[in-house]
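Ligands are counted one by one from 1 in listed order, and the atoms in each one are counted from 1 as well. Counting from 1, the numbers follow the sequence of the chain as shown.
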Amino acid sequence: MSIISTDISKAVTILNNEELVAIPTETVYGLAGNIFSEKAVKAIFKTKERPFFNPLIVHIPNLEYLTNVVSHVPEKARLLAEAFWPGSLTLVLPKKNTIPDIITAGKSTVAVRIPNHPLSLELLKQLDFPLAAPSANPFNRISPTTAQHVASYFKDKIDMVLDGGSCKNGIESTIIGFENDDPIIYRLGAIAVEQIEAVIGKIKVKNKKATSPDAPGMLDKHYAPRTLTVLSNNILEDLKTYSDKRIGVLSFSSSFEGDNIQHQIILSEEQNLNEAASKLYDALHELDSLKLDIIIAEVFPDFGLGKSINDRLQRAAFSS
Ligand code: AMP
Ligand code: MG
């Protein structure tokens with residue numbers, strides 16, 4: 001029997017029982033468990049094969065709940081929460097003592113957001129605890145944007161995927177931390193830097209070469225297909241370079257021709273970066289399933305969500 005279901009009350013029962021449910025959000029599917037259950041949280045790490053030094057994002061039902069989780073809210077954090085929640089923004093703030101160390105990897109800060117998906121908001125409303133919910137993929141693999149992606153990763157390991165359709169944004173949340181109350185972007189994501197700056201003014205982006213477990217989404221290799229992936233500024237040139245290979249092409253809006261192109265995915269013929277971001281992981285899942293020799297992915301424009309897409313593609317293509 002399929003583990004995919006739309007039955008919220010079944011999800012409530014499983015989560016109350018300290019077990020895991022994969023949940024839909026507007027970013028990607030999350031592998032959710034009760035933040036106060038050591039059993040559930042350990043199962044999240046085990047199921048994902050995620051190292052314990054990677055802290056988890058805490059999902060809360062509404063803004064009023066925030067003060068149960070964090071001990072201090074800088075003014076700019078409040079402005080951002082009011083502007084973007086429920087939504088694809090994660091705030092890293094000083095934690096309340098009640099938040100278990102395993103959630104924060106021993107750090108004094110906790111990452112928190114309100115997801116913007118009707119099923120998960122309803123689920124959170126029916127629970128009396130927040131949910132830890134990292135992306136529902138094995139560590140370092142491509143994030144899931146459909147219930148089917150999750151089921152193909154975890155069908156023997158979890159009891160249920162709550163099916164909320166395809167994720168609207170399709171890329172992880174933008175993570176913002178504070179250093180002496182000054183905001184800094186730890187991870188580029190579904191909310192563009194320009195949107196953030198429209199609310200709080202100029203913001204720094206943390207150097208992504210920093211491999212500190214400060215922000216594990218910042219590890220160089222992440223979000224990766226198993227097929228060799230290269231990032232290209234000139235697809236025509238690279239089609240020649242890899243002419244002896246079976247190639248998959250992932251492009252923004254243009255179509256390419258070549259005998260060795262086995263499969264090609266265009267993310268947005270209208271050159272809409274939001275549409276491209278929402279389709280990115282599904283395209284990588286599809287290309288990766290074809291057992292090609294190489295995926296050639298086009299570099300995106302360096303603004304708006306193009307920055308976040310390039311960040312993910314660089315990690316997908318990272319090799320060392
Ligand atoms: P995932 O939910 O799989 O996208 O990963 C959770 C992300 O949250 C990680 O990439 C971390 O960078 C980030 N994160 C969670 N807690 C913290 C924290 N206390 N400080 C900094 N980053 C955090
Ligand atoms: Mg992840």
For [X], atoms of ligand 1 separated by under 4.0 Å from a heavy atom:
X	value
Pro134	2 (O), 3 (O)
Ser135	1 (P), 2 (O), 3 (O)
Arg187	1 (P), 4 (O), 5 (O), 7 (C), 10 (O)

Discussion item. If you measure every N or O of Lys107 against every N or O of ligand 1, does any of those distances drop under 3.5 Å?
Written reply: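 Min N/O separation from ligand 1 is not below 3.5 Å for Lys107.
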Worksheet item: Do any N/O atoms on Lys48 end up under 3.5 angstrom from N/O atoms on ligand 1?
Response: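 No, no N or O pair falls under 3.5 Å.
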Given that the side chain starts at C-beta and the backbone is N, CA, C, O, which of these parts of [X] lies under 4.0 Å from ligand 1, counting heavy atoms, or is it both or neither?
X	value
Val92	side chain
Arg50	side chain
Val28	neither

Fill in: Thr67, Asp181, Thr109 screened by side-chain hydrogen bond (donor to acceptor under 3.5 Å, both in side chains) with His72, the one that passes
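Filter result, single survivor: Asp181.
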Contact between [X] and ligand 1, counting heavy atoms under 4.0 Å?
X	result
Lys95	no
Ile57	yes
Asn54	no

Looking only at side-chain N and O atoms, does [Y] offer a donor or acceptor that is under 3.5 Å from a partner on [X]?
X	Y	value
Thr6	Asp163	no
Arg113	Thr27	yes
Glu26	Ser88	yes

Item to complete: Specify the closest pair of heavy atoms between Gln148 and Ile4, including all atoms of both residues, with the distance to one decimal.
Response: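 Nearest pair, atom of Gln148 first, then Ile4: NE2-CD1, 3.9 Å.
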Fill in: N/O donor-acceptor pair under 3.5 Å between Ser308 side chain and Gly189 backbone
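Checking the backbone N and O of Gly189 against the side chain of Ser308, a donor-acceptor pair under 3.5 Å is found.
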Worksheet item: Is the backbone N or O of Val299 less than 3.5 Å from a side-chain atom of Asn310, with the two atoms forming a donor-acceptor pair by type?
Response: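 The answer is no, because no donor-acceptor pair under 3.5 Å joins these two groups.
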Practice prompt. Determine, considering heavy atoms only, which of Ala133, Gly30, Pro55, Gly106 sits nearest to atom 14 (N) of ligand 1.
Written response: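 Checking each option, the heavy atom nearest atom 14 (N) of ligand 1 is found in Pro55.
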Worksheet item: Given the rule in the side-chain contact (heavy atoms from CB on, under 4.5 Å) test, do Thr174 and Phe84 qualify, once you have shown the distances and angles that lead to the verdict?
Response: CA-CA 11 Å; Thr174 302; Phe84 296 111; over 6 Å; no
Worksheet entry | Residue pair Asn34 / Leu15, side-chain heavy-atom distance below 4.5 Å |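 No, too far: nothing below the 4.5 Å cut-off.
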Discussion item. Just checking: Asn137, one of its N/O/S atoms, less than 2.8 Å away from the Mg ion (ligand 2), yes or no?
Written reply: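 No, outside the cut-off.
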